[in-house]
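If you're wondering where the values come from, they're calculated on a predicted model, not measured in any experiment.
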Amino acid sequence: MSVEENKITIVDETGNEQLCEILFTFDSDQYNKSYVIYYPIGADQDDEEEIEIHASAFTPSEDGQDGELQPIETEEEWDMVEEMVNTFLDEEGE
């Protein structure tokens, strides 16, 4: 994962790169992890489809320029992330 001003480049399992917009990041004391919430750039161009939002845990690099994404592994962790996303979306809608 590389980071540039509110954008990240995600590399999938087959080596394809996709530029994504970062919605927000947050830290969890409960899981002692940082998280990034993002969506593929271009997904917001089509108003007829819902935007697919992605979430990953991440470890920033020493220089803060990039980092490593990790999957969210437990149902409890997903519930916490989903609650954060819903809170963010509710506040953005106001």
If you define the side chain from C-beta out and look only at heavy atoms, does anything of Ile10 sit under 4.5 Å from Ile8? yes

Side chains of Ile37 and Ile22, heavy atoms from C-beta outward: is any pair under 4.5 Å? no

Does any N or O in the side chain of Gln70 come within less than 3.5 Å of the main-chain N or O of Glu68, such that one atom is a donor and the other an acceptor? yes

CD1 of Ile72 to OH of Tyr31, rounded to nearest 0.5 Å, is 10.0 Å

Given side chains that start at C-beta, do those of Met84 and Phe88 come closer than 4.5 Å, heavy atoms only? no

For side-chain contact (heavy atoms from CB on, under 4.5 Å), just list the numbers for Leu23 and Ile53, CA-CA rounded to whole Å, side-chain angles, deciding distance to a tenth of an Å, and then say yes or no. CA-CA 9 Å; Leu23 283 177; Ile53 296 174; 3.9 Å; yes

Check against side chain to side chain donor-acceptor pair (under 3.5 Å), Ser56 and Tyr38: CA-CA 9 Å; Ser56 297; Tyr38 57 95; 3.2 Å; yes

When every non-hydrogen atom of Phe26 is compared with those of Val81, the smallest separation belongs to CZ-CG2, 4.1 Å

Check Phe58 against Leu69 and note the closest heavy-atom contact, atom names and distance. CB-CD2, 3.7 Å

Please test Tyr35 against Met80 for side-chain contact (heavy atoms from CB on, under 4.5 Å), starting from the C-alpha separation and ending with a verdict. CA-CA 11 Å; Tyr35 297 89; Met80 180 271 306; 3.7 Å; yes

Side chain of Trp78, backbone of Glu73: donor and acceptor closer than 3.5 Å? no

Neighbour count >12 (heavy atoms, 6.0 Å) for atom CG, Asn32: no

Could you list all the salt bridge (Lys or Arg N to Asp or Glu O under 4.0 Å) pairs where at least one residue sits in residues 20-39, not counting sequence neighbours? Lys7-Glu21, Lys33-Glu77

Pro40 and Glu52: which non-hydrogen atoms are nearest, and at how many Å? CD-O, 3.6 Å

